[in-house]
Amino acid sequence: MSTRTETNTPRADAAPRTDKPIRVGDLLLEKGVITQEQLTQALADQKERGHKKLLGEIIVELKFASEEQVLEVIAGAYGVPFARVSPKIADAKIIEVLTREFLEKNCVLPLFLVNGKLTVAVHEPSNVFLIEEIEKAANCPVQVVAATAKDIRATLQAHLPNANVFVIDEMVEEMKGEDLTLVEKQITDLSNAEESANQSPVIKLVNYLIHGSVQDGASDIHIECGDGYLRVRYRVDGSLYEKMRPPYQMHAAVVSRIKIMAGLDISERRVPQDGGFTVMVNKRPIDLRVSTMPGKFGEKVVMRIIDNRNSMTGLEKMGFNFAMLERLRQTIRQPNGIVLVTGPTGSGKSTTLYGMLSELADDTVNICTVEDPVEYNLPGINQFQVNEKAGFTFAGALRSLLRQDPDIIMLGEVRDQETAKIATQAALTGHLLLSTLHTNDSTSAVTRLYNIGVEPYLVAASIRGVLAQRLLRKVCSNCKEQVEMTAPIKRTLEKLSNGAAPIETLYKGAGCAKCRNTGYAGRVGIFELFVPDDETLDVISRGGSLQEIRRLAKANGFVTLQQDGLEKLKAGITTLEELFSATATG
């Protein structure tokens with residue numbers, strides 16, 4: 001609670017909308033929120049503290065009234081509506097009208113933009129200077145409503161990908177002082193490690209790391225130790241960056257804490273272990289897959305973050321151009337056959353498959369998936385998780401699944417001859433099968449199936465389309481600036497364009513707090529879609545070479561990964577460096 005009008009005398013930065021100064025204590029007394037005895041006690045407490053705290057804060061601290069009650073009375077005195085805001089009523093697009101730095105610094109929440117007027121929740125309805133700053137920053141008229149700082153911060157935290165500053169500050173503050181001394185000593189035996197792993201500072205640190213990673217939009221947390229140091233890194237937008245370096249002495253306790261959460265054996269430090277657990281962050285479940293590996297200086301832990309909100313994205317939001325998206329939709333609506341998504345690990349294949357399934361989901365079809373592991377719970381779809389130790393393999397699961405009367409099957413990966421042959425047979429017997437394959441481009445999937453052991457004529461009979469993809473980091477919109485077009489850059493662009501319209505302007509991110517000075521924020525996909533025509537299928541059926549298949553594809557207007565990336569480059573979405581990095585072998 002930090003409203004600037006909570007003393008019984010007006011402050012210089014307040015602009016009351018009443019004819020007389022706002023006296024918070026008298027207002028609360030008049031409204032029956034507090035008693036005269038409580039007001040007297042609060043004023044005495046304020047006097048003893050030397051006016052270091054505002055009267056409203058003291059009343060809340062003494063539990064004479066809630067923060068909501070105090071702010072509602074103050075807001076009414078200034079003619080400002082009081083609102084109880086929450087993540088459910090906020091619009092992420094409207095929140096982005098103001099920068100993250102401005103929102104966090106001033107604790108304000110944009111709510112609606114109607115007829116050019118922005119409605120903003122503030123926790124200081126008297127601060128006209130802040131309202132003027134908002135109007136200047138948003139470049140439009142502003143209407144304010146009053147809301148508690150707690151509600152505003154919780155809503156910002158739910159909608160801003162990096163909005164962890166409030167919770168983190170509180171955690172760091174709580175971890176200061178004597179608590180840290182509990183784990184300052186070197187942990188040498190198992191009993192001490194287990195005991196320390198359950199002590200408050202370690203629990204707070206692990207919670208802090210998980211919470212922060214979700215807010216930063218990280219896909220992985222790396223906890224690794226070297227010779228006398230411990231560091232934590234997050235993978236965000238495909239790149240690792242260092243988050244913090246906790247005291248080295250905390251390493252054993254932190255690892256033990258994570259093992260306890262994941263149901264692993266804390267006494268075993270000599271062999272790798274795998275496990276997982278689920279946490280609730282911002283009232284939504286986050287799954288974490290844990291992997292430990294013994295190293296020279298201690299165990300390394302990697303936690304893969306499975307955030308359902310990030311995993312489930314519609315195809316139209318992934319970066320497809322209109323023509324390719326329409327052709328992909330036609331391909332996946334075939335009554336039978338195989339549609340593959342290819343690319344390296346971390347290229348977004350699973351997200352694309354989920355996007356396909358969400359479009360195909362319908363009460364009239366039986367959709368089943370076989371995954372390792374199940375990363376996202378899809379409503380109305382039957383999902384099965386592979387368990388290699390129990391003998392429930394991809395091939396075995398797929399074989400059994402064919403007796404379950406499926407219309408559409410999603411297979412996590414085609415990784416061996418047995419699985420590939422069963423998948424092909426499924427496609428030939430009237431099922432649509434979606435899966436992934438590890439190849440550098442789309443046309444290579446055909447020869448990869450040859451190499452696995454599928455007969456060329458079966459490949460030709462079953463294949464309907466192959467989508468290859470990569471993820472490129474996007475230029476940060478907050479610090480985006482034009483790149484100087486030097487002679488070497490122009491020559492490179494001319495060579496890449498290969499006769500197409502030249503790219504006149506390039507952009508990059510200068511680096512700012514929003515993008516952690518990387519110049520990038522978020523990622524976009526680049527794609528190539530291979531849909532073989534009759535001539536190409538004839539070539540495939542007789543075991544044609546990759547060069548021959550690719551030549552025919554290009555003759556039919558095939559758009560390569562690099563060509564699709566050039567369109568993103570021309571639109572100012574990404575950088576030349578990102579394009580080269582993603583398509584160097586593609």
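None of Arg550, Lys554, Arg470 except one satisfies the salt bridge (Lys or Arg N to Asp or Glu O under 4.0 Å) rule with Glu528; the exception is Arg550. The side chain to side chain donor-acceptor pair (under 3.5 Å) test with Arg233 singles out one residue from His222, Glu242, Glu224, and that residue is Glu224.
At least one cation-pi condition fails for Arg415 and Phe394: the charged atom is not both under 6.0 angstrom from the six-membered ring centre and inside a 45 degree cone around its axis.
No donor-acceptor pair under 3.5 Å is formed between the side chain of Glu299 and the backbone N or O of Pro294.
In this structure, the separation between OG on Ser541 and CD1 on Ile463 is 13.5 Å, given to the nearest 0.5 Å. From Ile367, atom CD1 reaches atom CG of Asp407 across 8.0 Å, with rounding to the nearest 0.5 Å.
Residues Thr574 and Arg473 have side chains not in contact (no heavy-atom distance under 4.5 Å, counting atoms from C-beta outward). Annotation: side chain of Pro246 is in contact with side chain of Leu205 (closest heavy-atom distance under 4.5 Å).
Side-chain contact annotation: Ser219 with Tyr234, donor-acceptor N/O pair under 3.5 Å absent. With no hydrogens or angles considered, a side-chain donor-acceptor pair links Asn556 and Asp533 at under 3.5 Å. Side-chain contact annotation: Asp216 with Tyr241, donor-acceptor N/O pair under 3.5 Å present. Remark: the Thr419 side chain and the Asp416 side chain contain an N/O donor-acceptor pair separated by less than 3.5 Å. Using modelled atom types and a 3.5 Å distance limit, the side chains of Thr369 and Glu371 yield a donor-acceptor pair. When only modelled atom types and interatomic distance are considered, Gln469 and Thr352 share a side-chain donor-acceptor pair under 3.5 Å.
Other residues, nucleotides and ligands place more than 12 heavy atoms under 6.0 Å from the CD atom of Glu268. Within 6.0 Å of the OH atom in Tyr457, the count of heavy atoms belonging to other residues, nucleotides or ligands does not exceed 12.
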**Request:** Before giving the answer on side-chain contact (heavy atoms from CB on, under 4.5 Å), spell out for Ile306 and Arg289 the whole-Å C-alpha distance, their side-chain angles and the decisive distance to 0.1 Å.
**Result:** CA-CA 8 Å; Ile306 309 297; Arg289 302 208 311 255; 3.5 Å; yes
For the pair Gln273 and Lys259, evaluate side-chain contact (heavy atoms from CB on, under 4.5 Å) and give the outcome as yes or no after the intermediate values. CA-CA 9 Å; Gln273 295 187 68; Lys259 283 183 174 181; 3.6 Å; yes
Exercise for the section: Show your working on side-chain contact (heavy atoms from CB on, under 4.5 Å) between Thr536 and Phe530 and close with a plain yes or no. Expected result: CA-CA 10 Å; Thr536 308; Phe530 170 57; 3.8 Å; yes
Does the pair Ser239 and Tyr520 meet the rule for a side chain to side chain donor-acceptor pair (under 3.5 Å), with working shown? CA-CA 10 Å; Ser239 298; Tyr520 298 98; over 6 Å; no
If you apply the rule side-chain contact (heavy atoms from CB on, under 4.5 Å), what do you find for Asp441 with Val466, and how did you get there? CA-CA 9 Å; Asp441 55 54; Val466 184; over 6 Å; no
